[in-house]
Amino acid sequence: MPEHSTADRAWALDQLRRLFAATNLMIPGSSFEVVGHGSRAEALRRAFRRFGALPAADSPRFRFAVDDAGAASAVVGGSPIELSGRRRGASDRIAWAFDFMPVTTSAVDRLADSGLPRGRRIGISMVLEPKTAVLALALHRAGAAVTVFAHPDETDDAVAAALRELGVPVFASRRATPAEHRALALAFLDDRPEILVDDGAHLIRLAHEERPALVEELLGAAEETTSGVRALRVMAAQGILRTPVIAVNDARSKTSFDNRYGTGFSCVFAILNLVGVPLPASTTLVIGYGPVGEGVAHYLRAADIEVVVSELDPVRALAARFDGFRVAETADAVRTAGLVISATGVEGTVPAELLAHCADGAVVAVAGGVPDEVGVERAIREGARLVRVSDGVERLSFDDGHSVTILGGAGAVNITAGEGNPIDIMDLSFAAQVAAIAQLLEAPARLPVGIHTISAREDSAVAAVALGWPVANGAASDSESAEWRTTRFTREPEADG
Ligand SMILES: NC(=O)c1ccc[n+]([C@@H]2O[C@H](COP(=O)([O-])OP(=O)(O)OC[C@H]3O[C@@H](n4cnc5c(N)ncnc54)[C@H](O)[C@@H]3O)[C@@H](O)[C@H]2O)c1
C-alpha cells in the first residue's frame, strides 16, 4: 500500500471539500469507491473513512477515479460531478435536492393521501435554499396553500424566483433593508397561515407581539431549532404562549442528525471553503459542546486538526474530555487558537473584549447562529474596523494593530456562507416537520396551547424510511402495554403432593 504524505492528505481533504460544495450531500454515512492506485488514491480512501463514509464497490453513492498523474474525477449516483466549484442554476439545484430527499417527499405523499393538506394555509419561515424549496413544493403539490418567508441573509434570490415561478408566493429578498424585511414578515403573517413552520421562532414571536389575533386563530406552529424552542419554553413558563407548538427540534430524528452530524459537517466544510485547505490554524477552539459543538469537534479531528473545547456545563465538558478533547477556559484558549468556533447559540459567547484578545490573525466563525453570538458589532462601535476581504471573509482590525478574520458575517457559517445543512440531513428534519404538520392537521380539535413533541412512533418512522426499513419496523414499542413484572424472583414450582 503506498504511503501518503501531508500534501496528499491536504489534497484528499480538498477533494472532499469540492465534492460537498458541488453536491451538498452528506459524506458521513454514505458509500464510496476510489478507483486508482498511488498515494493520492490511498489518501482519498483514508479521508472518506475518517469522515465516516463506508467503502462499497457495489453502486456506491460517490465514485472517484484517481489517474496515475493524481487527477480526480467524480461520479455521484451515476452523474459526473464538476469539482470546479461552478454554481448551477436554481432549478437544477432544486431538482437535485428533490432526488435526494425521499424521506420528506414520501412523508408528504402519505399526508397527501389523507387529503388533509388540501387548501390548508401553511407558512414556512426557513433558510431559503433548495431543500426548503423541496419542502414547500412538495406541500404545494399536495394541495396546501404554501407561502415562504426568509431573512435577507438567508435568502437565495434565484431559489425564491424559481419558487414564485412554480406558484409558491415568497416574502423574501436578499436586498431587503431592515424596514423592508420587517414589512415582508408582517405581510407573510397577514396572509393568515393556519400553520407556521418556523426556524428560530422569530415569526412565532413576531406574531405574538404584532398580530395577537392571528396567534389565537393558528392551528399551531412547528419549531425547528434549539434556540427557538428555548425561547418558546420561556414564553410557555411565563404564560405568554398562545398557540400549540410542536418542538420538531426535540425529535430524535432531528437533533441526533441535524445538530450533530449535519451542522458539524457542513460548518467545518463551509470554513474550509472560505479559508482553504489545509487550514492555517494550529489549534481550533470549539466553544460549547452540545450536539453542534460535538459534531464540529469530531469533523475537525477527522480533518487532522487539533481541537480544544470550552464548555460551561461540567457534564458536557466531561463528555468532551472522554471524547479525547482537551478542555480549557475560553478566555485562555482564545489567546493561542488559530481558529475559534462558537457552537453555543448563546448571545455574547465571544464578546467584543474577547475578540480583542484573540491571537493575531485568528479566524472566528459561528456554528450556532443567534444575533451577537460574536460581538463584532460592538467591537466596531468601540473603534475596530471591519474590511471585506472576499465573499464571506472580513478582517476586523483593532487599534493596537492586531486583527482577526470573521467568517460568514459572524452568522451560522454553514448558512451565511454555504448551502446550510446537507440535503440528506434536511430530508430527515423536514420529514419530522411533515410529521408535526400531520399531527396539527389530524388532531380532532386544536391541540392545547403549549409545547408538544412529535410522537415516538412518527419519530422512529423517519429514521426507518431513511434506512429503507418498512415503516412498521421503525415504530417505537408501545411502552404503556409493555410487560413490567420482574422475572428475577420466579417462584419454584410447588412440589406435588
Ligand atoms: N448552523 C446550523 O445550521 C444549526 C443547526 C442546528 C442548530 N443550530 C444552533 O446551534 C446552537 C447549538 O445547538 P446545540 O443543539 O448544540 O445546543 P445546546 O444548547 O445543546 O448546546 C450548547 C452548549 O453550549 C454551552 N454553552 C453555552 N454558553 C457557553 C459559553 N459562553 N461558553 C462555553 N459553553 C457555553 C452550553 O452549556 C451547551 O452545552 C443552537 O443555537 C442551535 O439553534 C445551528
Side-chain angles (χ1 to χ4, degrees), residues 24 26 126-127 129 131-132 151 153-154 198-202 223-233 247-271 285-299 308-320 323 325 327-334 337 340-351 353-355 365-375 407-423 425-426 428-430 432-433:
N24 198 227
M26 225 18 207
M126 289 271 168
V127 177
E129 36 78 346
K131 281 107 49 189
T132 300
H151 187 277
D153 290 348
E154 297 174 354
D198 209 348
D199 179 294
H202 300 294
E223 169 53 36
E224 173 85 1
T225 67
T226 314
S227 42
V229 170
R230 195 181 292 142
L232 293 167
R233 289 222 155 86
V248 172
N249 177 74
D250 297 355
R252 291 192 307 148
S253 53
K254 194 272 175 184
T255 308
S256 316
F257 304 105
D258 180 320
N259 297 30
R260 189 197 184 284
Y261 298 98
T263 306
F265 183 76
S266 56
C267 284
V268 168
F269 275 73
I271 292 169
L285 168 64
V286 176
I287 310 176
Y289 202 70
V292 168
E294 188 182 322
V296 167
H298 278 82
Y299 291 122
V308 175
V309 169
S310 68
E311 201 4 294
L312 296 179
D313 174 356
V315 173
R316 294 306 304 159
L318 190 58
D323 283 337
F325 298 111
V327 176
E329 295 274 337
T330 305
D332 293 335
V334 289
V340 175
I341 303 175
S342 172
T344 63
V346 175
E347 185 185 329
T349 297
V350 185
E353 51 274 24
L354 216 54
L355 274 178
V366 170
V370 297
D372 294 321
E373 194 163 329
V374 172
L407 300 186
V413 68
N414 59 334
I415 296 169
T416 54
E419 268 203 352
N421 257 311
I423 294 173
I425 293 292
M426 293 317 293
L428 302 175
S429 296
F430 285 165
Q433 284 285 7

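In listed order, ligands and their atoms are each counted from 1. Every value quoted in this text rests on a predicted model; they were computed, and no experiment measured them.
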Trainee: What protein heavy atom lies closest to atom 37 (O) of ligand 1? Include the residue and the distance to one decimal.
Mentor: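 Checked against all protein heavy atoms, atom 37 (O) of ligand 1 sits closest to Glu311 OE1, 2.8 Å.
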
Trainee: Using a 4.0 Å heavy-atom threshold (strictly under), name the region of Arg230 that reaches ligand 1: side chain, backbone, both or neither.
Mentor: side chain

Trainee: Can an N or O of Val370 be found at a distance shorter than 3.5 Å from an N or O of ligand 1?
Mentor: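 No, since none of the N or O atoms of Val370 sits under 3.5 Å from an N or O of ligand 1.
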
Trainee: May I ask you to list the atoms of ligand 1 that are less than 4.0 angstrom from any heavy atom of Arg316?
Mentor: 39 (O)

Trainee: Using distance alone, with no hydrogens and no angle criterion, decide if Asp250 and Thr255 have a side-chain donor and acceptor under 3.5 Å apart.
Mentor: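 Per modelled atom types, Asp250 and Thr255 side chains form no pair under 3.5 Å.
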
Trainee: Around atom 5 (C) of ligand 1, find the nearest protein heavy atom and jot down its residue, atom name and distance.
Mentor: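 Scanning the protein heavy atoms, the shortest distance from atom 5 (C) of ligand 1 goes to Thr263 OG1, 2.9 Å.
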
Trainee: Using a 4.0 Å heavy-atom cut-off, say whether Ile415 meets ligand 1 through its side chain, its backbone, both or neither.
Mentor: side chain

Trainee: Answer side chain, backbone, both or neither: which part of Asn421 comes under 4.0 Å from ligand 1, heavy atoms only.
Mentor: side chain

Trainee: Does an N or O from Ala367, backbone or side chain, lie closer than 3.5 Å to an N or O of ligand 1?
Mentor: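 Right, the criterion is met.
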
Trainee: In the protein, what heavy atom is nearest to atom 21 (O) of ligand 1, and what distance, to one decimal place, separates them?
Mentor: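 Scanning the protein heavy atoms, the shortest distance from atom 21 (O) of ligand 1 goes to Gly290 CA, 3.3 Å.
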
Trainee: Between Ile287 and ligand 1, which part of the residue brings a heavy atom under 4.0 Å of the ligand: side chain, backbone, both or neither?
Mentor: side chain

Trainee: Starting from atom 44 (C) of ligand 1, what is the nearest protein heavy atom, named by residue and atom, and what distance separates them?
Mentor: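 For atom 44 (C) of ligand 1, the nearest protein heavy atom is Gly368 O, 3.2 Å.
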
Trainee: Any side-chain donor paired with an acceptor under 3.5 Å for Ser429 and Asn421?
Mentor: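 On atom types as modelled, these side chains do not qualify, holding no pair under 3.5 Å.
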
Trainee: Tell me, which protein residue and heavy-atom name are nearest atom 15 (O) of ligand 1, and how many Å apart are they?
Mentor: Asn259 ND2, 2.8 Å

Trainee: Using a strict 4.0 Å cut-off to heavy atoms of Asp258, name the atoms of ligand 1 that fall inside it.
Mentor: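 Near Asp258, meaning under 4.0 Å from one of its heavy atoms, ligand 1 has 5 (C), 6 (C).
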
Trainee: Under 4.0 Å, heavy atoms only, figure out whether ligand 1 is touched by the backbone of Ser227, its side chain, both or neither.
Mentor: both

Trainee: Please write down residue, atom name and distance for the protein heavy atom closest to atom 34 (N) of ligand 1.
Mentor: Leu312 N, 3.4 Å

Trainee: Ala343 heavy atoms, cut-off 4.0 Å: which ligand 1 atoms fall inside?
Mentor: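 Counting atoms of ligand 1 from 1, those under 4.0 Å from Ala343 are 12 (C).
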
Trainee: Tell me which protein heavy atom sits closest to atom 22 (C) of ligand 1, plus the residue, atom name and distance to 0.1 Å.
Mentor: Thr344 O, 3.7 Å

Trainee: Can you name the residues that form a side chain to side chain contact (heavy atoms under 4.5 Å, CB included) with Phe257, not counting sequence neighbours?
Mentor: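 Result, side chain to side chain contact (heavy atoms under 4.5 Å, CB included) vs Phe257: Tyr261, Ile425, Leu428.
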
Trainee: Measure the distance from atom 13 (O) of ligand 1 to every protein heavy atom, then report the residue, atom name and distance (to 0.1 Å) of the closest one.
Mentor: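 Scanning the protein heavy atoms, the shortest distance from atom 13 (O) of ligand 1 goes to Val292 CG2, 3.4 Å.
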
Trainee: Taking non-hydrogen atoms only, is Asn414 closer than 4.0 angstrom to ligand 1 via side chain, backbone, both or neither?
Mentor: side chain

Trainee: Could you tell me which atoms of ligand 1, counted from 1 in the order shown, lie closer than 4.0 angstrom to a heavy atom of Asp313?
Mentor: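 Those of ligand 1 that fall under 4.0 Å from Asp313 are 37 (O).
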
Trainee: Using a heavy-atom cut-off of under 4.0 Å, does the side chain or the backbone of Thr226 touch ligand 1, or both, or neither?
Mentor: both

